[in-house]
Amino acid sequence: MRSDVTLHPLDRTLLAELLLAAVEDADPLEVMPPVEGPQGWTPERRSAFLRFHESRSLAANPVETTFAIAAAERVVGAARLCPVETRAGTAEAGVWIGRSHRGAGVGGAVLELLLDRARAAGFTSVCVSTTPHNLAVRALMAGIGVELVRDGAGLTACVDLRPGVR
């Protein structure tokens, strides 16, 4: 596992760095809900990115915990844990990594760190959803011995975090 990959709880300073990483190294549709208008990182889309994170993880009552992913001390993406209301003890995980940092071991390190954070927060399982064409996520899950199963048009896997399992 890469030792230079770290997760940092998102705050307002890191949010500015996260926006910069997204603008420099990701398509808006990879990192946030769609926004009407022309393609690319328009001023409206940049504002929407900030509002999205402010409302979800920086709000007075956050709905999820978001972490800035750093590789070699530079913000390169985000990871999140969102409690699943219908499944006690379960969190949904989400990750995006800037394109220039993909395929370099960042994802595997982030997955292990995120599972450790979920365990420390008291979750007993973490679910991951992806599309069938996302080979990177499929390889990450296979690498930890977890099989993704078809769930409608997507694929889903749940990692059991209980001691002695996995």
Side-chain angles (χ1 to χ4, degrees), residues 4-99 101-102 106-131 134 137 140-141 146 151-152 154 156-163:
D4 67 332
V5 175
T6 53
L7 297 180
H8 304 276
L10 192 65
D11 60 22
R12 298 215 181 272
T13 300
L14 285 171
L15 180 56
E17 292 180 44
L18 187 60
L19 175 59
L20 181 60
V23 170
E24 289 179 350
D25 213 15
D27 183 276
L29 291 175
E30 296 173 325
V31 302
M32 62 182 282
V35 173
E36 293 282 328
Q39 293 182 353
W41 283 102
T42 62
E44 294 80 13
R45 205 162 275 117
R46 291 171 192 232
S47 293
F49 179 92
L50 296 173
R51 283 192 312 274
F52 175 77
H53 286 288
E54 288 167 347
S55 71
R56 300 213 31 102
S57 60
L58 297 179
N61 294 309
V63 298
E64 65 188 16
T65 302
T66 301
F67 303 94
I69 300 168
E73 300 183 20
R74 181 171 181 245
V75 174
V76 300
R80 67 180 178 82
L81 292 170
C82 184
V84 178
E85 290 184 20
T86 59
R87 293 181 63 184
T90 299
E92 175 191 37
V95 175
W96 69 264
I97 298 167
R99 291 177 179 169
H101 298 278
R102 296 176 190 168
V106 174
V110 167
L111 178 60
E112 289 301 324
L113 292 168
L114 199 56
L115 294 177
D116 289 345
R117 294 285 183 126
R119 211 177 274 110
F123 291 106
T124 56
S125 66
V126 171
C127 293
V128 174
S129 297
T130 191
T131 58
N134 191 333
V137 171
L140 284 174
M141 299 311 287
V146 175
D151 183 13
T156 302
C158 287
V159 180
D160 193 327
L161 298 177
R162 292 174 296 171

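Sequential numbering from 1 along the given sequence is applied to the chain's residues.
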How close do [X] and [Y] get, heavy atom to heavy atom, and via which atoms?
X: Leu10; Y: Ser57; answer: CD2-OG, 3.6 Å
X: Ser55; Y: Ala59; answer: O-CB, 3.6 Å
X: Leu140; Y: Leu111; answer: O-CD2, 4.0 Å
X: Val63; Y: Cys82; answer: O-SG, 3.5 Å
X: Val23; Y: Arg46; answer: CG1-NH2, 3.4 Å
X: Gly94; Y: Leu114; answer: O-CD2, 4.4 Å

Working to the nearest 0.5 Å, report the span between [atom1] of [X] and [atom2] of [Y].
X: Leu15; Y: Leu50; atom1: CG; atom2: CG; result: 5.0 Å
X: Glu73; Y: His8; atom1: CD; atom2: NE2; result: 8.0 Å
X: Trp96; Y: Asp25; atom1: CH2; atom2: CG; result: 7.5 Å
X: Arg56; Y: Arg80; atom1: CZ; atom2: CZ; result: 6.5 Å
X: Arg117; Y: Arg119; atom1: CZ; atom2: CZ; result: 13.0 Å
X: Leu7; Y: Thr66; atom1: CG; atom2: OG1; result: 11.0 Å

Report the C-alpha separation of Met32 and Arg45 in whole Å, then their side-chain angles, then the decisive distance to 0.1 Å, and conclude whether the side chain to side chain contact (heavy atoms under 4.5 Å, CB included) test is met. CA-CA 9 Å; Met32 62 182 282; Arg45 205 162 275 117; 3.9 Å; yes
Can you sort out the partners of Asp4 under salt bridge (charged side-chain N to carboxylate O under 4.0 Å, His left out), two or more places apart, ordered by chain and number? Arg2
Any side-chain heavy atom of [X] within less than 4.5 Å of one from [Y]?
X: Ile97; Y: Ile69; answer: yes
X: Glu92; Y: Glu64; answer: no
X: Phe49; Y: Pro28; answer: no

Do any N or O atoms from the side chain of Trp41 and from the backbone of Glu24 form a donor-acceptor pair under 3.5 angstrom?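 Such a contact is absent between Trp41 side chain and Glu24 backbone.
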List the residues meeting side-chain contact (heavy atoms from CB on, under 4.5 Å) with Asp11, not counting sequence neighbours, and say none if there are none.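 side-chain contact (heavy atoms from CB on, under 4.5 Å) list for Asp11, sorted by chain: Thr13, Leu14.
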Does a salt bridge link Arg74 with Glu17, judged by any charged N lying under 4.0 Å from a carboxylate O? no
Is the number of heavy atoms from other residues, nucleotides or ligands under 6.0 Å of Arg87 CZ greater than 12?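 Atom CZ in Arg87 is not crowded, with 12 or fewer foreign heavy atoms closer than 6.0 Å.
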Please tabulate, for the side chains in residues 120-129, all donor-acceptor contacts under 3.5 angstrom to protein atoms that are two or more places apart in sequence or on a different chain.
| residue | atom | partner | partner atom | Å |
| --- | --- | --- | --- | --- |
| Thr124 | OG1 | Gly89 | O | 3.3 |
| Ser125 | OG | Thr90 | OG1 | 2.7 |
| Ser129 | OG | Thr156 | OG1 | 3.4 |

